[in-house]
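The structure appears below as C-alpha coordinates.
Just follow the structure's listing: the first ligand is 1, and inside any ligand the first atom is 1. All residue numbers in this chain count up from 1 along the given sequence. Side chains included, hydrogens not; waters and symmetry mates left out as well; all remaining heavy atoms used.
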Amino acid sequence: MEDSTKREAFQERIDKGETIEPKDFMPDRYRQQLIRMMSQHAHSEIVGMLPEGNWITRAPSLRRKLILLSKVQDEAGHGLYLYSATETLGASRQEVIDDLLNGRAKYSSIFNYPTLSWADVAVIGWLVDGAAIINQTMLARSSYGPYARAMVRICKEESFHKKQGYEMVAKMAEGTPEQQEMIQDAVNRWWWPTLMMFGPHDDDSPNSAELIKWGVKSKTNDELRQSFVDRHVQEAHTVGLEIPDPDLEYNEETGHWNFGEIDWDEFWKVVKGNGPMNRERLNARRKAHEEGEWVREAAEEYARKRKLRQEKVS
Ligand code: 3HC
(Lines give C-alpha, C1' and ligand atoms only; values in the text may rest on other atoms or scores of the structure.)
Protein backbone atom coordinates (compact mmCIF):
# COMPACT_ATOMS: atom_id res chain seq x y z
CA MET A 1 0.00 0.00 0.00
CA GLU A 2 1.35 3.50 -0.80
CA ASP A 3 2.24 5.77 2.08
CA SER A 4 -0.98 7.70 2.87
CA THR A 5 0.99 10.89 3.50
CA LYS A 6 2.36 10.64 -0.05
CA ARG A 7 -1.17 10.31 -1.40
CA GLU A 8 -2.31 13.30 0.65
CA ALA A 9 0.65 15.37 -0.61
CA PHE A 10 -0.22 14.26 -4.16
CA GLN A 11 -3.84 15.40 -3.77
CA GLU A 12 -2.64 18.74 -2.36
CA ARG A 13 -0.50 19.23 -5.51
CA ILE A 14 -3.54 18.45 -7.68
CA ASP A 15 -5.76 20.81 -5.67
CA LYS A 16 -3.16 23.57 -6.14
CA GLY A 17 -3.32 22.99 -9.90
CA GLU A 18 0.23 21.65 -10.14
CA THR A 19 1.29 19.51 -13.09
CA ILE A 20 2.35 15.91 -12.43
CA GLU A 21 5.39 14.78 -14.41
CA PRO A 22 6.47 11.18 -15.20
CA LYS A 23 9.10 10.98 -12.45
CA ASP A 24 6.80 12.43 -9.74
CA PHE A 25 5.03 10.28 -7.16
CA MET A 26 1.56 9.29 -8.31
CA PRO A 27 -0.92 6.78 -6.85
CA ASP A 28 -0.96 3.51 -8.83
CA ARG A 29 -4.65 4.09 -9.56
CA TYR A 30 -3.87 7.52 -11.08
CA ARG A 31 -1.25 5.85 -13.30
CA GLN A 32 -3.62 3.06 -14.35
CA GLN A 33 -6.45 5.50 -15.11
CA LEU A 34 -4.15 7.56 -17.34
CA ILE A 35 -2.78 4.48 -19.14
CA ARG A 36 -6.38 3.38 -19.79
CA MET A 37 -7.60 6.77 -21.01
CA MET A 38 -4.51 7.82 -22.99
CA SER A 39 -3.95 4.48 -24.73
CA GLN A 40 -7.63 4.32 -25.73
CA HIS A 41 -7.38 7.88 -26.97
CA ALA A 42 -4.37 6.84 -29.09
CA HIS A 43 -6.27 3.81 -30.42
CA SER A 44 -9.15 6.13 -31.36
CA GLU A 45 -6.84 8.35 -33.40
CA ILE A 46 -5.37 5.41 -35.31
CA VAL A 47 -8.67 3.60 -35.93
CA GLY A 48 -10.17 7.02 -36.73
CA MET A 49 -8.00 7.14 -39.87
CA LEU A 50 -9.99 4.31 -41.45
CA PRO A 51 -13.45 5.86 -42.04
CA GLU A 52 -12.06 8.93 -43.87
CA GLY A 53 -9.12 7.02 -45.41
CA ASN A 54 -11.80 5.07 -47.28
CA TRP A 55 -12.51 8.23 -49.35
CA ILE A 56 -8.99 9.47 -50.20
CA THR A 57 -9.00 7.79 -53.63
CA ARG A 58 -12.49 9.13 -54.35
CA ALA A 59 -12.13 12.77 -53.31
CA PRO A 60 -14.07 15.06 -55.71
CA SER A 61 -11.06 17.28 -56.50
CA LEU A 62 -7.28 17.38 -56.11
CA ARG A 63 -7.67 20.10 -53.46
CA ARG A 64 -10.05 17.95 -51.42
CA LYS A 65 -7.76 14.93 -51.82
CA LEU A 66 -4.75 16.91 -50.55
CA ILE A 67 -6.69 18.25 -47.55
CA LEU A 68 -8.04 14.80 -46.65
CA LEU A 69 -4.60 13.20 -47.03
CA SER A 70 -3.18 15.82 -44.69
CA LYS A 71 -5.96 15.30 -42.12
CA VAL A 72 -5.59 11.51 -42.07
CA GLN A 73 -1.82 11.88 -41.68
CA ASP A 74 -2.45 14.26 -38.76
CA GLU A 75 -4.57 11.59 -37.04
CA ALA A 76 -1.69 9.11 -37.34
CA GLY A 77 0.59 11.69 -35.72
CA HIS A 78 -1.92 12.24 -32.91
CA GLY A 79 -1.91 8.51 -32.26
CA LEU A 80 1.90 8.44 -32.09
CA TYR A 81 2.06 11.45 -29.70
CA LEU A 82 -0.46 9.70 -27.43
CA TYR A 83 1.26 6.30 -27.54
CA SER A 84 4.53 8.08 -26.65
CA ALA A 85 2.80 9.99 -23.83
CA THR A 86 1.36 6.67 -22.56
CA GLU A 87 4.86 5.17 -22.52
CA THR A 88 5.96 7.87 -20.01
CA LEU A 89 3.70 6.03 -17.51
CA GLY A 90 5.65 2.82 -17.96
CA ALA A 91 3.17 1.19 -20.35
CA SER A 92 4.86 -0.58 -23.27
CA ARG A 93 3.71 0.38 -26.76
CA GLN A 94 3.58 -3.30 -27.73
CA GLU A 95 1.32 -4.17 -24.79
CA VAL A 96 -1.21 -1.38 -25.39
CA ILE A 97 -1.34 -2.17 -29.12
CA ASP A 98 -1.79 -5.88 -28.35
CA ASP A 99 -4.70 -4.90 -26.10
CA LEU A 100 -6.33 -3.14 -29.05
CA LEU A 101 -5.66 -5.93 -31.54
CA ASN A 102 -6.95 -8.59 -29.12
CA GLY A 103 -10.17 -6.63 -28.52
CA ARG A 104 -9.34 -5.99 -24.85
CA ALA A 105 -8.97 -2.20 -25.22
CA LYS A 106 -11.62 0.28 -26.35
CA TYR A 107 -11.51 3.05 -28.92
CA SER A 108 -14.11 5.69 -29.63
CA SER A 109 -17.44 4.22 -30.71
CA ILE A 110 -17.81 6.90 -33.38
CA PHE A 111 -15.36 5.14 -35.67
CA ASN A 112 -17.52 2.04 -35.92
CA TYR A 113 -19.98 3.67 -38.33
CA PRO A 114 -19.63 3.46 -42.15
CA THR A 115 -18.78 6.44 -44.36
CA LEU A 116 -21.40 6.08 -47.08
CA SER A 117 -20.79 9.24 -49.12
CA TRP A 118 -18.35 12.13 -49.50
CA ALA A 119 -20.72 14.17 -47.34
CA ASP A 120 -19.70 11.90 -44.43
CA VAL A 121 -16.13 13.20 -44.75
CA ALA A 122 -17.45 16.75 -44.42
CA VAL A 123 -19.63 15.92 -41.43
CA ILE A 124 -16.89 13.93 -39.66
CA GLY A 125 -14.57 16.95 -39.93
CA TRP A 126 -17.29 19.29 -38.65
CA LEU A 127 -19.01 17.20 -35.95
CA VAL A 128 -16.52 14.49 -34.88
CA ASP A 129 -13.49 16.76 -34.85
CA GLY A 130 -15.70 19.47 -33.38
CA ALA A 131 -16.53 17.10 -30.51
CA ALA A 132 -12.86 16.16 -30.16
CA ILE A 133 -11.90 19.85 -29.89
CA ILE A 134 -14.38 20.43 -27.05
CA ASN A 135 -13.05 17.42 -25.16
CA GLN A 136 -9.38 17.97 -25.94
CA THR A 137 -9.25 21.69 -25.09
CA MET A 138 -10.36 20.56 -21.62
CA LEU A 139 -7.71 17.81 -21.57
CA ALA A 140 -5.04 20.37 -22.52
CA ARG A 141 -5.40 21.49 -18.87
CA SER A 142 -5.06 17.93 -17.55
CA SER A 143 -2.99 17.42 -14.41
CA TYR A 144 -0.66 14.98 -16.21
CA GLY A 145 2.01 17.02 -18.05
CA PRO A 146 2.72 14.78 -21.08
CA TYR A 147 -1.02 14.37 -21.80
CA ALA A 148 -1.77 18.09 -21.48
CA ARG A 149 1.16 19.01 -23.73
CA ALA A 150 0.18 16.44 -26.38
CA MET A 151 -3.29 18.01 -26.38
CA VAL A 152 -1.95 21.51 -27.10
CA ARG A 153 -0.38 20.36 -30.39
CA ILE A 154 -3.31 18.11 -31.28
CA CYS A 155 -5.91 20.85 -30.69
CA LYS A 156 -4.16 23.17 -33.16
CA GLU A 157 -4.48 20.53 -35.87
CA GLU A 158 -8.04 19.61 -34.87
CA SER A 159 -9.21 23.20 -35.44
CA PHE A 160 -7.96 22.92 -39.05
CA HIS A 161 -9.80 19.57 -39.30
CA LYS A 162 -13.05 21.14 -38.14
CA LYS A 163 -12.72 24.21 -40.38
CA GLN A 164 -12.15 22.16 -43.53
CA GLY A 165 -15.13 19.98 -42.65
CA TYR A 166 -17.45 22.90 -41.97
CA GLU A 167 -16.35 24.58 -45.22
CA MET A 168 -17.46 21.48 -47.15
CA VAL A 169 -20.70 21.26 -45.16
CA ALA A 170 -21.55 24.89 -45.98
CA LYS A 171 -20.70 24.40 -49.66
CA MET A 172 -22.90 21.31 -49.98
CA ALA A 173 -25.70 22.87 -47.93
CA GLU A 174 -25.97 25.67 -50.50
CA GLY A 175 -25.24 23.37 -53.44
CA THR A 176 -27.50 21.40 -55.76
CA PRO A 177 -30.60 19.68 -54.34
CA GLU A 178 -28.72 16.37 -54.51
CA GLN A 179 -25.83 17.83 -52.48
CA GLN A 180 -28.23 19.33 -49.95
CA GLU A 181 -29.90 15.94 -49.58
CA MET A 182 -26.53 14.20 -49.19
CA ILE A 183 -25.28 16.52 -46.49
CA GLN A 184 -28.54 16.42 -44.50
CA ASP A 185 -28.53 12.61 -44.74
CA ALA A 186 -24.96 12.55 -43.36
CA VAL A 187 -25.95 14.84 -40.46
CA ASN A 188 -28.92 12.56 -39.73
CA ARG A 189 -26.62 9.54 -39.54
CA TRP A 190 -23.69 11.11 -37.56
CA TRP A 191 -25.42 13.42 -35.06
CA TRP A 192 -26.39 10.89 -32.40
CA PRO A 193 -23.22 8.74 -32.63
CA THR A 194 -21.24 11.98 -32.14
CA LEU A 195 -23.14 12.74 -28.91
CA MET A 196 -22.14 9.24 -27.74
CA MET A 197 -18.43 10.20 -28.06
CA PHE A 198 -18.69 12.03 -24.73
CA GLY A 199 -19.50 8.82 -22.87
CA PRO A 200 -22.34 7.76 -20.59
CA HIS A 201 -24.31 10.18 -18.41
CA ASP A 202 -22.35 11.40 -15.40
CA ASP A 203 -24.37 9.17 -13.04
CA ASP A 204 -23.46 6.13 -15.16
CA SER A 205 -19.79 7.07 -15.58
CA PRO A 206 -17.62 4.88 -13.30
CA ASN A 207 -14.43 6.82 -14.09
CA SER A 208 -15.45 10.49 -14.22
CA ALA A 209 -15.55 11.31 -10.50
CA GLU A 210 -12.03 9.95 -9.92
CA LEU A 211 -10.67 11.64 -13.06
CA ILE A 212 -12.12 14.96 -11.91
CA LYS A 213 -10.80 14.51 -8.34
CA TRP A 214 -7.33 14.04 -9.83
CA GLY A 215 -7.63 16.91 -12.31
CA VAL A 216 -7.33 14.64 -15.36
CA LYS A 217 -10.73 15.92 -16.52
CA SER A 218 -12.14 19.26 -15.40
CA LYS A 219 -15.59 18.84 -16.93
CA THR A 220 -18.04 15.95 -16.83
CA ASN A 221 -19.26 13.96 -19.84
CA ASP A 222 -22.65 15.71 -19.76
CA GLU A 223 -21.14 19.20 -19.45
CA LEU A 224 -18.93 18.59 -22.49
CA ARG A 225 -21.85 17.11 -24.44
CA GLN A 226 -23.98 20.16 -23.66
CA SER A 227 -21.21 22.52 -24.89
CA PHE A 228 -21.02 20.49 -28.08
CA VAL A 229 -24.79 20.66 -28.69
CA ASP A 230 -24.99 24.40 -27.94
CA ARG A 231 -22.22 25.19 -30.43
CA HIS A 232 -23.12 22.82 -33.24
CA VAL A 233 -26.87 23.38 -33.32
CA GLN A 234 -26.14 27.04 -34.05
CA GLU A 235 -23.62 26.11 -36.73
CA ALA A 236 -26.11 23.73 -38.35
CA HIS A 237 -28.86 26.36 -38.43
CA THR A 238 -26.42 28.93 -39.86
CA VAL A 239 -26.04 26.81 -43.01
CA GLY A 240 -29.69 25.74 -43.11
CA LEU A 241 -29.30 22.19 -41.83
CA GLU A 242 -31.70 20.43 -39.48
CA ILE A 243 -30.66 18.44 -36.37
CA PRO A 244 -32.37 15.01 -36.30
CA ASP A 245 -33.83 15.46 -32.80
CA PRO A 246 -37.58 16.22 -32.37
CA ASP A 247 -36.94 17.13 -28.71
CA LEU A 248 -34.40 19.85 -29.56
CA GLU A 249 -35.56 23.12 -28.05
CA TYR A 250 -33.81 26.30 -26.99
CA ASN A 251 -34.21 26.96 -23.27
CA GLU A 252 -34.37 30.72 -22.77
CA GLU A 253 -33.90 30.31 -19.02
CA THR A 254 -30.68 28.26 -19.10
CA GLY A 255 -29.38 29.59 -22.42
CA HIS A 256 -28.75 26.00 -23.53
CA TRP A 257 -30.38 23.71 -26.07
CA ASN A 258 -32.45 20.94 -24.50
CA PHE A 259 -32.08 17.74 -26.48
CA GLY A 260 -33.49 14.23 -26.59
CA GLU A 261 -32.22 11.03 -24.94
CA ILE A 262 -29.38 9.06 -26.49
CA ASP A 263 -30.10 5.43 -27.43
CA TRP A 264 -27.89 3.87 -24.74
CA ASP A 265 -28.63 0.35 -25.97
CA GLU A 266 -27.01 1.32 -29.28
CA PHE A 267 -24.14 2.99 -27.41
CA TRP A 268 -23.27 -0.10 -25.35
CA LYS A 269 -23.83 -2.41 -28.32
CA VAL A 270 -21.19 -0.46 -30.28
CA VAL A 271 -18.83 -0.07 -27.29
CA LYS A 272 -19.02 -3.82 -26.69
CA GLY A 273 -17.92 -4.57 -30.26
CA ASN A 274 -21.23 -5.12 -32.05
CA GLY A 275 -21.52 -1.89 -34.03
CA PRO A 276 -21.88 -1.67 -37.84
CA MET A 277 -18.14 -1.62 -38.55
CA ASN A 278 -16.36 -2.93 -35.41
CA ARG A 279 -15.18 -6.17 -37.01
CA GLU A 280 -13.95 -4.42 -40.19
CA ARG A 281 -12.05 -1.79 -38.18
CA LEU A 282 -10.26 -4.34 -35.99
CA ASN A 283 -9.49 -6.63 -38.96
CA ALA A 284 -8.01 -3.66 -40.84
CA ARG A 285 -5.79 -2.83 -37.84
CA ARG A 286 -4.72 -6.47 -37.44
CA LYS A 287 -3.85 -6.70 -41.17
CA ALA A 288 -1.86 -3.44 -41.07
CA HIS A 289 -0.01 -4.65 -37.97
CA GLU A 290 0.92 -7.95 -39.61
CA GLU A 291 2.04 -6.22 -42.81
CA GLY A 292 4.15 -3.83 -40.74
CA GLU A 293 6.07 -6.62 -38.95
CA TRP A 294 9.06 -6.33 -41.31
CA VAL A 295 9.36 -2.59 -40.60
CA ARG A 296 9.44 -3.20 -36.84
CA GLU A 297 12.00 -5.99 -37.26
CA ALA A 298 14.22 -3.79 -39.46
CA ALA A 299 14.00 -0.89 -36.98
CA GLU A 300 14.86 -3.18 -34.05
CA GLU A 301 17.82 -4.69 -35.97
CA TYR A 302 19.05 -1.20 -36.88
CA ALA A 303 18.78 -0.09 -33.23
CA ARG A 304 20.62 -3.26 -32.09
CA LYS A 305 23.50 -2.74 -34.55
CA ARG A 306 23.76 0.97 -33.71
CA LYS A 307 23.99 0.10 -30.00
CA LEU A 308 26.76 -2.43 -30.75
CA ARG A 309 28.67 0.19 -32.77
CA GLN A 310 28.32 2.74 -29.96
CA GLU A 311 29.53 0.21 -27.40
CA LYS A 312 32.59 -0.59 -29.60
CA VAL A 313 33.44 3.11 -29.88
CA SER A 314 33.04 3.87 -26.15
N1 3HC B 1 -16.55 4.91 -27.16
C2 3HC B 1 -15.98 3.82 -26.60
N3 3HC B 1 -15.92 3.63 -25.25
C4 3HC B 1 -16.46 4.59 -24.47
C5 3HC B 1 -17.06 5.75 -24.99
C6 3HC B 1 -17.09 5.88 -26.40
N7 3HC B 1 -17.66 6.93 -26.98
N8 3HC B 1 -17.49 6.52 -23.95
C9 3HC B 1 -17.17 5.85 -22.82
N10 3HC B 1 -16.57 4.69 -23.14
C11 3HC B 1 -16.12 3.66 -22.21
C12 3HC B 1 -15.00 4.15 -21.32
O13 3HC B 1 -13.74 3.92 -21.94
C14 3HC B 1 -15.21 3.29 -20.07
O15 3HC B 1 -14.74 1.97 -20.32
P16 3HC B 1 -13.32 1.48 -19.68
O17 3HC B 1 -13.40 1.82 -18.21
O18 3HC B 1 -13.27 0.02 -19.98
O19 3HC B 1 -12.25 2.29 -20.40
C20 3HC B 1 -16.73 3.15 -20.00
O21 3HC B 1 -17.21 3.39 -21.33
C22 3HC B 1 -17.38 4.12 -19.02
O23 3HC B 1 -17.15 5.42 -19.48
P24 3HC B 1 -16.63 6.56 -18.48
O25 3HC B 1 -17.40 7.80 -18.74
O26 3HC B 1 -16.58 6.07 -17.07
O27 3HC B 1 -15.12 6.71 -19.00
P28 3HC B 1 -14.28 8.05 -19.11
O29 3HC B 1 -14.50 8.92 -17.91
O30 3HC B 1 -12.92 7.62 -19.43
O31 3HC B 1 -14.95 8.85 -20.35
C32 3HC B 1 -14.18 9.32 -22.58
C33 3HC B 1 -14.88 8.30 -21.66
C34 3HC B 1 -15.10 10.55 -22.71
C35 3HC B 1 -13.93 8.69 -23.93
C36 3HC B 1 -12.86 9.73 -21.91
O37 3HC B 1 -12.11 8.56 -21.70
C38 3HC B 1 -12.03 10.68 -22.72
O39 3HC B 1 -12.29 11.87 -22.74
N40 3HC B 1 -10.96 10.16 -23.37
C41 3HC B 1 -9.99 10.99 -24.04
C42 3HC B 1 -10.52 11.53 -25.36
C43 3HC B 1 -10.83 10.40 -26.32
O44 3HC B 1 -10.46 9.29 -26.15
N45 3HC B 1 -11.53 10.75 -27.39
C46 3HC B 1 -11.92 9.74 -28.36
C47 3HC B 1 -12.10 10.40 -29.67
S48 3HC B 1 -10.55 10.74 -30.42
C49 3HC B 1 -10.99 11.64 -31.74
O50 3HC B 1 -12.08 12.10 -31.81
C51 3HC B 1 -9.97 11.85 -32.79
C52 3HC B 1 -10.29 13.05 -33.62
O53 3HC B 1 -9.09 13.43 -34.26
C54 3HC B 1 -11.31 12.74 -34.65
**Identified side chain to side chain contact (heavy atoms under 4.5 Å, CB included) partner of Phe111 from the options Asn278, Val270, Val128** =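 When Asn278, Val270, Val128 are each tested with Phe111, the side chain to side chain contact (heavy atoms under 4.5 Å, CB included) holds only for Val128.
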**Prompt:** Can you find a non-hydrogen atom of Leu139 under 4.0 Å from ligand 1?
**Reply:**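 Heavy atoms of Leu139 do come under 4.0 Å of ligand 1.
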**Prompt:** Contact between Gly48 and ligand 1, counting heavy atoms under 4.0 Å?
**Reply:** no
**Prompt:** Quick check, are the ring centers of Phe228 and Trp191 under 6.0 angstrom apart?
**Reply:** yes
**Message:** Under 6.0 Å between ring centres: does that hold for His161 and His78?
**Reply:** yes
**Item:** Under 3.5 Å side-chain donor-acceptor pair for Asp263 and Trp192
**Value:**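 No donor-acceptor contact under 3.5 Å links the two side chains.
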**Item:** Heavy-atom nearest neighbour of atom 34 (C) of ligand 1 within options Trp268, Tyr147, Phe198, Phe267
**Value:**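 Closest candidate by heavy-atom distance is Phe198.
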**Fill in**
Closest to atom 45 (N) of ligand 1 by heavy-atom distance, out of Glu45, His78, His41, is His41
For [atom], closest protein heavy-atom neighbour:
atom                    : answer
atom 30 (O) of ligand 1 : Arg36 NH2, 2.8 Å
atom 52 (C) of ligand 1 : Glu158 OE2, 3.4 Å
atom 6 (C) of ligand 1  : Ser109 OG, 3.5 Å
atom 29 (O) of ligand 1 : Lys217 NZ, 2.8 Å
atom 14 (C) of ligand 1 : Asn207 ND2, 3.8 Å
atom 54 (C) of ligand 1 : Asp129 OD2, 3.7 Å
atom 24 (P) of ligand 1 : Ser205 OG, 3.4 Å

**Asked** Can you name the one residue among Gln94, Gln40, His43, Arg104 that meets side chain to side chain donor-acceptor pair (under 3.5 Å) with Asp99?
**Response**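 Among Gln94, Gln40, His43, Arg104, the one that satisfies the side chain to side chain donor-acceptor pair (under 3.5 Å) with Asp99 is Arg104.
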